[in-house]
Colleague: 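Below is one structure. I have some questions about it.
Below, chains carry the letters A, B, ... as their sequence lines are ordered, and counting in each starts from 1.
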Number of protein chains: 2
Amino acid sequence: MNAQPIPSPAVRRLSLYLRHLEQLAAEGVKSVASNELAESLNVTAAQVRKDLGYFGQFGRPGVGYRVRVLIEELRRILGTDRTVNVILVGAGDLGRALLRYKGFRRKGFNLVAAFDVAPGKIGRAVGTVNVHNVSELPSIVRRHKVKLAVLAVPAEVAQETADMLAAAGIRGILNFAPATLHTDADLAVAPVDLAAHLEELSFRIGHHL
Amino acid sequence: MNAQPIPSPAVRRLSLYLRHLEQLAAEGVKSVASNELAESLNVTAAQVRKDLGYFGQFGRPGVGYRVRVLIEELRRILGTDRTVNVILVGAGDLGRALLRYKGFRRKGFNLVAAFDVAPGKIGRAVGTVNVHNVSELPSIVRRHKVKLAVLAVPAEVAQETADMLAAAGIRGILNFAPATLHTDADLAVAPVDLAAHLEELSFRIGHHL
DNA sequence: CCCTGTGAACCTGTTCACAGCG
DNA sequence: CGCTGTGAACAGGTTCACAGGG
């Protein structure tokens, strides 16, 4: 019934709204208006309303949005109303740090296992999970019905690793490798290039502004 | 002479182009056409040409772009043709991993020091730098003329830390804290919300597509 | 003839502004 | 009367398409 002309920037802002709503809930705030939310997040009130409007009608005219209700709706929309299993591939420095990062769990993501090819890393525990040989990846992915993977391998092997993940049934990759992945349309990729963000800042401060 | 109506997505793609060009250079490739570059990076050829066109005329009709030349131009534009000093604040798990991450150095960024408030962390070395008390931050920033900071502190103290950085003369913040920073227009912020990217993937695979 | 550089057309996403509900 | 929900107007970016240079 509903087509899907949802701007992807709007989807990304949903996480932003959710994050702030969770904080408001922790502070005991019961309801919030679009302009308050907007102000805290450096967006416009119309944008908040429009973004939420793509998914339903969650607010009450004259009142605003019920914080608890909106949090639940957003989690449902994002698919994090249930625990989402995730694996991590590449237990180098960055990979091991991500394994210890508590932010994922707080948001409903459960790291079930890590993988690497280096014998020195395999068998060790990092954070709450063990590092396995990549050969075990397909069976573990199947067993835990994992759909998302965090990719933290060197750029040189990023593409082949992504292909392997696709073959194992992974549907989404959070890619920290500084490489562009070429994948089928049914495999979603979110690239995170840490150095690129610093370059952007370097540009912005180096010139005008 | 040139106004500055440069789309910020275009600036972000510059890093992408640079990354691929560096790889081509390593492979010994001398020149490249916009459509080849485009194909490797999942963008259109027109986009590549238009993006580069905002900054000058770097190509040769009938030939393409000289790889070495374009790399130098892009580094100059991004400001990474010289070493750029960076500090890191917050030596938690994520912070320490970023200190060890080699990708920054490879791109011309030099981490000169890390800072924290926890006595247990201060005085230790992580990667190539030492962890200092934040009280030493202003003097170190001044001494090394640091303009960029990586912020990896807990969300609760992100804003106050950002204010402190602004006061110390920092001009750009790479923000890993899951909090929206409110800063003056002359302080650039690049937010990196790791959990948000996973949520986006969760959304994309949970629905259509 | 190949490939760049670029105005013009197009399109996606943002902001405006107001009708309508509580 | 306050605040949402939303069509309509607007703006920013992307793609097209072609003129022009090597």
Side-chain angles (χ1 to χ4, degrees), chain A residues 1-17 21 24 29-71 73-74 77 200 203-204 208-209, chain B residues 1-17 21 24 29-71 73-74 77 200 203-204 208-209:
Chain A
M1 44 208 66
N2 208 0
Q4 42 143 208
I6 297 168
S8 59
V11 175
R12 282 193 282 273
R13 281 190 296 268
L14 255 36
S15 299
L16 201 61
Y17 302 152
L21 287 163
L24 289 177
V29 177
K30 296 292 181 217
S31 88
V32 65
S34 62
N35 59 5
E36 299 173 294
L37 210 46
E39 208 160 287
S40 308
L41 299 171
N42 295 331
V43 297
T44 67
Q47 181 119 77
V48 172
R49 297 198 301 274
K50 179 74 74 163
D51 287 345
L52 297 177
Y54 290 121
F55 301 96
Q57 306 187 169
F58 308 124
R60 294 198 190 177
V63 182
Y65 301 87
R66 299 283 297 281
V67 173
R68 293 291 335 159
V69 172
L70 193 48
I71 286 174
E73 291 289 356
L74 289 175
I77 293 164
E200 184 196 341
F203 171 83
R204 289 211 264 158
H208 39 74
L209 175 69
Chain B
M1 46 200 65
N2 208 0
Q4 41 140 211
I6 296 168
S8 58
V11 176
R12 282 193 283 272
R13 280 189 296 268
L14 256 36
S15 299
L16 201 62
Y17 302 153
L21 287 163
L24 290 177
V29 177
K30 297 289 183 222
S31 87
V32 65
S34 61
N35 59 4
E36 301 173 295
L37 210 47
E39 206 160 288
S40 308
L41 300 171
N42 295 330
V43 298
T44 67
Q47 181 119 78
V48 172
R49 296 199 300 275
K50 176 79 61 165
D51 287 346
L52 297 176
Y54 290 120
F55 301 97
Q57 306 187 169
F58 307 123
R60 293 197 192 177
V63 182
Y65 301 88
R66 301 282 298 280
V67 173
R68 293 290 337 157
V69 173
L70 193 48
I71 286 174
E73 292 287 357
L74 289 176
I77 293 164
E200 183 196 343
F203 171 82
R204 289 211 264 158
H208 39 74
L209 177 68

Colleague: Taking OP1 and OP2 of D:dT6, is either one under 4.0 Å from a side-chain nitrogen or oxygen of A:Gln57?
Modeller: yes

Colleague: For A:Leu16, give me all partners under side chain to side chain contact (heavy atoms under 4.5 Å, CB included), at least two apart in sequence or on another chain.
Modeller: A:Arg19, A:Leu41, B:Thr180

Colleague: In chain order, what residues pass the side chain to side chain donor-acceptor pair (under 3.5 Å) check against B:Asn42, with sequence neighbours excluded?
Modeller: A:His182

Colleague: For residues A:Glu39 and A:Asn35, determine if any side-chain heavy atom of one lies less than 4.5 Å from a side-chain heavy atom of the other.
Modeller: no

Colleague: Between residues 34-43 of chain B and DNA chain D, which residues have a heavy-atom gap below 4.0 Å?
Modeller: none

Colleague: Might you point out which heavy atoms bring B:Leu52 and B:Phe58 nearest each other, and give the distance in Å?
Modeller: O-CE1, 3.6 Å

Colleague: Testing the basics here: between A:Pro5 and A:Tyr54, what is the closest heavy-atom pair and its distance to 0.1 Å?
Modeller: O-CE2, 4.3 Å

Colleague: With sequence neighbours left out, what residues match B:Arg12 under side chain to side chain donor-acceptor pair (under 3.5 Å)?
Modeller: A:Glu200

Colleague: So do A:Leu74 and A:Phe55 actually touch side chain to side chain, heavy atoms under 4.5 Å?
Modeller: no

Colleague: Quickly work out the A:Leu52 CG to D:dC3 C1' distance and round it to whole Å.
Modeller: 13 Å

Colleague: Among all residues two or more places apart in sequence or in another chain, which pass the side chain to side chain donor-acceptor pair (under 3.5 Å) test with B:Arg66?
Modeller: none

Colleague: To the nearest Å, give me how far apart CG (A:Asp51) and P (D:dT6) are.
Modeller: 13 Å

Colleague: Among all residues two or more places apart in sequence or in another chain, which pass the side chain to side chain donor-acceptor pair (under 3.5 Å) test with B:Tyr65?
Modeller: none

Colleague: Nearest-Å distance, CZ (B:Phe58) to C1' (C:dT6)?
Modeller: 15 Å

Colleague: Each nucleotide in nucleotides 17-22 of chain D should get exactly one letter: B, S or -. Can you fill that in based on protein heavy atoms under 4.0 Å?
Modeller: B--BBS

Colleague: Under the side chain to side chain contact (heavy atoms under 4.5 Å, CB included) rule, collect the residues that match up with A:Pro61, sequence neighbours excluded.
Modeller: none

Colleague: In whole Å, what is the span from the CG atom of A:Leu70 to the C1' atom of D:dT4?
Modeller: 13 Å

Colleague: Filter on salt bridge (charged side-chain N to carboxylate O under 4.0 Å, His left out), then keep only pairs touching residues 47-63 of chain A, sequence neighbours left out; what's left?
Modeller: A:Arg13-A:Asp51

Colleague: Distances under 3.5 Å only, N/O to N/O: pair up the protein atoms with those of nucleotides 8-13 of chain D.
Modeller:
none

